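Structure record follows, encoded as structure tokens.
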Amino acid sequence: MKTAIYPGSFDPVTLGHLDIIKRASGLFDKLIIGILVNPNKIPLFSLEERISMLREVTREIPNIEITSFEGLLVDYCRMNQIDGIIRGVRGAMDFDYELPMAQINQSLFPKTQTVFLAASPEYSYISSSGVKELASFGGDYTGMVPEEVAVRMKEKDTK
């Protein structure tokens, strides 16, 4: 059974994330959505809220597991016998950032290979940080996040 992990903060989960999740779930027997716990970041949503939102928006995808982890991704992959790391890339800047990380991970744990999925054109401009910034200025982020996430964002004090 081939297993991959799609790591990220998912704060908030966007339609771009969901697109990558749907496409990656078709490539592997099992797809773990791994929410990285980064103590250096102050998230908009708690870990529990992000897990809940991801469960809600992926409920119809049968081969998904949602979890969180701390520390190095490659250590998580080693401990859980992960075959692939999914990384979505929106453009050259993302690729330039992701490639050296993929090479480091491969040197540390050659069994796990990184798979880059190009963002679908309609989502290539969307980022979680951009959505949060837009929300903080009262902008319209509908069409960038799933409806369930938009409802939760409106409940937050983002202005």
Side-chain angles (χ1 to χ4, degrees), residues 4-28 30-61 63-77 82 84-102 104-105 114-159:
I5 186 168
Y6 180 32
S9 63
F10 304 101
D11 184 43
V13 61
T14 68
L15 290 175
H17 290 134
L18 192 54
D19 178 58
I20 295 291
I21 290 167
K22 288 175 181 175
R23 291 166 44 211
S25 71
L27 299 174
F28 290 88
K30 179 179 178 183
L31 179 64
I32 298 170
I33 302 170
I35 303 171
L36 174 63
V37 177
N38 185 343
N40 298 323
K41 285 189 176 181
I42 300 171
L44 176 62
F45 291 102
S46 71
L47 176 61
E48 294 75 20
E49 289 172 314
R50 288 179 278 161
I51 289 171
S52 174
M53 285 187 287
L54 279 161
R55 283 192 177 131
E56 203 172 336
V57 301
T58 63
R59 66 187 169 277
E60 295 181 13
I61 307 171
N63 61 333
I64 297 287
E65 176 184 318
I66 299 165
T67 191
S68 64
F69 69 97
E70 294 182 47
L72 292 177
L73 172 61
V74 72
D75 289 341
Y76 183 87
C77 291
I82 305 286
I85 298 169
I86 303 296
R87 298 305 296 161
V89 290
R90 294 169 293 185
M93 285 180 53
D94 282 354
F95 186 75
D96 287 345
Y97 175 78
E98 295 290 348
L99 181 61
M101 289 196 326
I104 290 169
N105 288 339
T114 299
V115 176
F116 295 106
L117 292 180
S120 294
E122 62 269 31
Y123 305 121
S124 63
Y125 67 96
I126 301 172
S127 68
S128 290
S129 58
V131 168
K132 286 189 289 193
E133 184 174 351
L134 185 60
S136 73
F137 288 104
D140 181 12
Y141 47 82
T142 56
M144 296 181 195
V145 297
E147 280 186 46
E148 301 91 335
V149 175
V151 167
R152 291 200 187 188
M153 287 185 69
K154 286 178 182 147
E155 293 171 356
K156 292 279 181 181
D157 183 20
T158 56
K159 291 184 182 175

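Computed from a predicted structure; not experimentally measured. We number each residue from 1, following the sequence as shown.
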query: Can you list the steps and then say if Glu48 with Met53 is a side-chain contact (heavy atoms from CB on, under 4.5 Å)?
result: CA-CA 9 Å; Glu48 294 75 20; Met53 285 187 287; over 6 Å; no
field: Heavy-atom closest pair, residues Gly34 and Phe10
entry: O-CE1, 3.8 Å
message: If only side-chain N and O atoms count, and only distance matters, is there a donor-acceptor pair under 3.5 Å linking Arg152 with Ser52?
response: yes
task: For Tyr97, check ring pair (Phe, Tyr, Trp, His ring centres under 6.0 Å) against everything at least two apart and list the hits.
output: none
Thr114 OG1 to Ile5 CD1 distance, which is reported to the nearest 0.5 Å: 11.0 Å
- prompt: What pairs with Ser129 under side-chain contact (heavy atoms from CB on, under 4.5 Å), at least two apart in sequence or on another chain?
  reply: Ser127
Closest contact, heavy atoms only, Val13 versus Val145: O-CG1, 3.7 Å
Please report, to 0.1 Å, the donor-acceptor pairs under 3.5 Å made by any side chain of residues 15-27, with sequence neighbours excluded.
from: His17; atom 1: ND1; to: Thr14; atom 2: N; distance (Å): 2.9
from: His17; atom 1: ND1; to: Thr14; atom 2: OG1; distance (Å): 3.3
from: Asp19; atom 1: OD2; to: Arg23; atom 2: NH1; distance (Å): 2.8
from: Asp19; atom 1: OD2; to: Ser120; atom 2: OG; distance (Å): 2.7
from: Arg23; atom 1: NH1; to: Ala118; atom 2: O; distance (Å): 3.1
from: Arg23; atom 1: NH1; to: Ser120; atom 2: OG; distance (Å): 3.3
from: Arg23; atom 1: NH2; to: Ala118; atom 2: O; distance (Å): 2.9
from: Ser25; atom 1: OG; to: Ile21; atom 2: O; distance (Å): 3.4
from: Ser25; atom 1: OG; to: Lys22; atom 2: O; distance (Å): 2.8

message: Are the side chains of Met144 and Tyr123 in contact, using a 4.5 Å heavy-atom criterion?
response: no
- prompt: What distance separates Leu44 CG from Ser136 OG, expressed to the nearest 0.5 Å?
  reply: 10.0 Å
- prompt: Which pairs pass salt bridge (charged side-chain N to carboxylate O under 4.0 Å, His left out) with one or both residues in residues 4-18, sequence neighbours excluded?
  reply: Asp11-Lys132
message: Phe69: which residues meet the ring pair (Phe, Tyr, Trp, His ring centres under 6.0 Å) condition with it, sequence neighbours left out?
response: Tyr76
- prompt: Which is it for Ile35 and Leu47 under the side-chain contact (heavy atoms from CB on, under 4.5 Å) test, yes or no, and what are the steps along the way?
  reply: CA-CA 8 Å; Ile35 303 171; Leu47 176 61; 3.7 Å; yes
task: For side-chain contact (heavy atoms from CB on, under 4.5 Å), just list the numbers for Ile126 and Val131, CA-CA rounded to whole Å, side-chain angles, deciding distance to a tenth of an Å, and then say yes or no.
output: CA-CA 7 Å; Ile126 301 172; Val131 168; 4.1 Å; yes
task: Can you see which heavy atom on Pro100 is nearest to which on Phe95, and at what distance?
output: CD-O, 4.4 Å
- line: For Thr142 and Lys154 the tightest heavy-atom approach is CG2-NZ, 4.2 Å
query: Any donor-acceptor pair under 3.5 Å linking the side chain of Asn63 with the backbone of Phe28?
result: yes
message: With rounding to the nearest 0.5 angstrom, report the SG to CG distance, Cys77 to Asn105.
response: 7.0 Å
- prompt: Where the side chain of Arg87 meets the backbone of Pro7, is there a donor-acceptor pair that is under 3.5 Å apart?
  reply: yes
- prompt: Backbone N or O of Pro12 within a donor-acceptor pair of the Ser128 side chain at under 3.5 Å?
  reply: yes
message: Show every salt bridge (charged side-chain N to carboxylate O under 4.0 Å, His left out) that has at least one partner inside residues 133-149, sequence neighbours left out.
response: Arg59-Glu148
query: Is the backbone of Ile61 close enough, under 3.5 Å, to the side chain of Thr58 for a donor and an acceptor to pair up by distance?
result: no
- prompt: Is a side-chain N or O of Arg50 found less than 3.5 angstrom from the main chain of Ser9, in a donor-acceptor match?
  reply: yes
task: State, to 0.1 Å, how close Gly143 and Tyr125 come at their nearest heavy-atom pair, and which atoms those are.
output: O-OH, 4.4 Å
statement: Smallest heavy-atom separation, Leu36 atom then Gly71 atom, equals CD1-O, 3.9 Å
message: Evaluate Ile33 against Thr67 for side-chain contact (heavy atoms from CB on, under 4.5 Å), listing each step before the verdict.
response: CA-CA 6 Å; Ile33 302 170; Thr67 191; over 6 Å; no
